[in-house]
Asks: 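If you scroll down you'll find the structure; I have some questions about it.
By convention in this document, chain letters (A, B, ...) are assigned in the order of the sequence lines, proteins followed by strands, and residues within each chain are numbered from 1.
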Number of protein chains: 2
Amino acid sequence: MDDKTRAKYELRARIIKAMAHPTRLFIVSQLSQGEKCVCELTRMVGADISTVSKHLAVMKNVGIVQDRKEGSQVFYSLRCPCILEFFECVESVLRTTAAEQLALAE
Amino acid sequence: MDDKTRAKYELRARIIKAMAHPTRLFIVSQLSQGEKCVCELTRMVGADISTVSKHLAVMKNVGIVQDRKEGSQVFYSLRCPCILEFFECVESVLRTTAAEQLALAE
DNA sequence: TGGCGATTTGGCTAAAATGCCAAGTGTTTC
DNA sequence: GAAACACTTGGCATTTTAGCCAAATCGCCA
């Protein structure tokens, strides 16, 4: 793998890595229903607000979400709705695995 | 976030995490063109064979790839081709980011 | 059977990711 | 202008990854 190829996959990996966390996935699915402010997400997640803020920063850094300030609040939203397709594929992997285990149990 | 919801997103995150690495993404893209044995992937990646083997094990554990033994070789292949849709979405995130930066540079 | 090539697994160290608390920055309100 | 919010950032301890070497397996063939 040459340097250029490596750089290409590192860029891609950064984006996927930014989604590879349960809390961040949960946030993405919430944002798919519309923008939300940090405090609302914090309530839903049930973690420290600083933790949620950092999760959002991770996703913002790679361009998955964008933010908008309104007064003292910050609203986050998805920047690329296609992110949701990830979910469908992931579900399909889970289903395939489940089906296989069912078959083995017969 | 209740326990059930948390478990659901942890399961999803495990799958995405298994892809969140440059080398593993490279391997996935190679496998999208057909099954390959560990030694061939090792040559392409250019790392220690034990490293490549472990990367493959990570993806196999979550059901992204499957393996097939033939003599002393082990061939790996994608189990869910939809994985490739991840790439398209990731590219779209990258394009959006690039376009935005271009606009800012004007 | 002994050796060789192909893989996996164990072990270990270095690097990266998490999550909470505390502290700092803006905003709004009284 | 002080107190109360809404966030972000710094710091730090803990856990999780990564990747190489060495050792153990497994199949093949002379």
Side-chain angles (χ1 to χ4, degrees), chain A residues 1 3 5-7 9-28 30-31 35-77, chain B residues 1 3 5-7 9-28 30-31 35-77:
Chain A
M1 190 158 44
D3 286 353
T5 305
R6 191 180 311 280
Y9 285 100
E10 263 170 23
L11 213 50
R12 289 176 167 189
R14 278 185 55 218
I15 293 178
I16 295 184
K17 197 177 292 187
M19 250 183 299
H21 188 287
T23 300
R24 294 201 288 268
L25 285 182
F26 174 77
I27 289 175
V28 165
Q30 293 305 316
L31 293 186
E35 64 170 20
K36 302 236 178 328
C37 68
V38 181
C39 59
E40 187 174 355
L41 288 170
T42 298
R43 274 193 297 275
M44 292 193 282
V45 169
D48 193 276
I49 190 176
S50 71
T51 299
V52 173
S53 176
K54 280 182 182 175
H55 279 310
L56 288 165
V58 166
M59 294 194 283
K60 183 184 164 189
N61 278 337
V62 302
I64 292 177
V65 301
Q66 57 196 171
D67 63 343
R68 175 178 74 78
K69 291 178 188 173
E70 189 178 313
S72 65
Q73 289 181 300
V74 179
F75 288 87
Y76 280 86
S77 57
Chain B
M1 188 159 42
D3 287 352
T5 306
R6 191 180 311 279
Y9 285 99
E10 263 169 24
L11 213 51
R12 288 176 167 190
R14 278 186 54 219
I15 294 178
I16 295 184
K17 199 178 290 187
M19 249 183 300
H21 188 286
T23 300
R24 295 202 287 267
L25 285 183
F26 175 76
I27 290 175
V28 165
Q30 292 304 315
L31 293 185
E35 64 170 21
K36 301 236 177 330
C37 69
V38 183
C39 59
E40 187 174 356
L41 288 170
T42 298
R43 274 192 297 277
M44 292 192 282
V45 169
D48 192 276
I49 188 175
S50 73
T51 299
V52 173
S53 176
K54 281 182 181 174
H55 278 310
L56 288 165
V58 167
M59 294 196 281
K60 183 184 164 188
N61 278 337
V62 302
I64 293 177
V65 302
Q66 58 197 171
D67 61 344
R68 174 179 74 80
K69 289 179 189 174
E70 189 178 312
S72 65
Q73 289 181 300
V74 180
F75 288 86
Y76 280 86
S77 56

Asks: Do A:I15 and A:L11 pass the side-chain contact (heavy atoms from CB on, under 4.5 Å) test, and can you show the C-alpha distance, the side-chain angles, and the key distance before you say yes or no?
Replies: CA-CA 7 Å; A:I15 293 178; A:L11 213 50; 6.0 Å; no

Asks: List the atom pairs, with distances to 0.1 Å, where a side-chain N or O of residues 43-59 of chain B and a protein N or O form a donor-acceptor pair under 3.5 Å, not counting sequence neighbours.
Replies:
from, atom 1, to, atom 2, distance (Å)
B:D48, OD1, B:S50, N, 2.9
B:D48, OD1, B:S50, OG, 2.8
B:H55, ND1, B:R24, NH1, 3.0

Asks: If every non-hydrogen atom of A:A18 is compared with every non-hydrogen atom of A:I64, which pair is closest and at what distance?
Replies: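 Distance-wise, the nearest heavy atoms are CB-CD1, 3.9 Å.
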
Asks: How would you list all residue pairs meeting side-chain hydrogen bond (donor to acceptor under 3.5 Å, both in side chains) that involve residues 11-23 of chain B, not counting sequence neighbours?
Replies: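 Pairs touching residues 11-23 of chain B that pass the test: A:E91-B:R12.
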
Asks: In chain order, what residues pass the side-chain hydrogen bond (donor to acceptor under 3.5 Å, both in side chains) check against B:D67, with sequence neighbours excluded?
Replies: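 Residues passing side-chain hydrogen bond (donor to acceptor under 3.5 Å, both in side chains) with B:D67: B:K60.
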
Asks: Grab the two heavy atoms, one from B:A13 and one from A:A20, that are nearest each other, plus how far apart they are.
Replies: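 Nearest pair, atom of B:A13 first, then A:A20: CB-C, 4.4 Å.
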
Asks: Kindly state which residues belonging to residues 59-76 of chain A come within less than 4.0 angstrom of DNA chain C, counting heavy atoms of the residue only, listed by number.
Replies: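 Going residue by residue through residues 59-76 of chain A, the ones with a heavy atom under 4.0 Å of DNA chain C turn out to be A:G71, A:S72.
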
Asks: So which protein nitrogen or oxygen atoms get under 3.5 Å of nucleotides 18-24 of chain D's nitrogens or oxygens?
Replies:
from, atom 1, to, atom 2, distance (Å)
D:dA18, OP2, B:R24, NH1, 3.1
D:dG19, OP2, B:H21, NE2, 3.4
D:dG19, OP2, B:H55, NE2, 2.8
D:dC20, OP2, B:D48, N, 3.4
D:dC20, OP2, B:T51, OG1, 2.9
D:dC20, N4, B:K54, NZ, 3.0
D:dC21, OP2, B:D48, OD2, 3.4
D:dC21, N4, B:S50, OG, 2.9

Asks: Quick one: CE on A:M19 to CD1 on A:I27, what's the gap to the nearest 0.5 Å?
Replies: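 The CE atom of A:M19 sits 13.0 Å away from the CD1 atom of A:I27.
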
Asks: Which is the 5'-most and which the 3'-most nucleotide of DNA chain C that has an atom under 4.0 Å from a heavy atom of chain A?
Replies: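 From 5' to 3', the first and last contacting nucleotides are C:dA17 to C:dT28.
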
Asks: Expressed as a whole number of angstroms, how long is the span from A:R43:CZ to D:dC7:C1'?
Replies: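 These atoms are roughly 14 Å apart.
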
Asks: Considering only distance and modelled atom types, tabulate donor-acceptor pairs under 3.5 Å from the side chains of residues 69-76 of chain B, sequence neighbours left out.
Replies:
from, atom 1, to, atom 2, distance (Å)
B:E70, OE1, B:R68, NH1, 2.8
B:E70, OE1, B:R68, NH2, 3.2

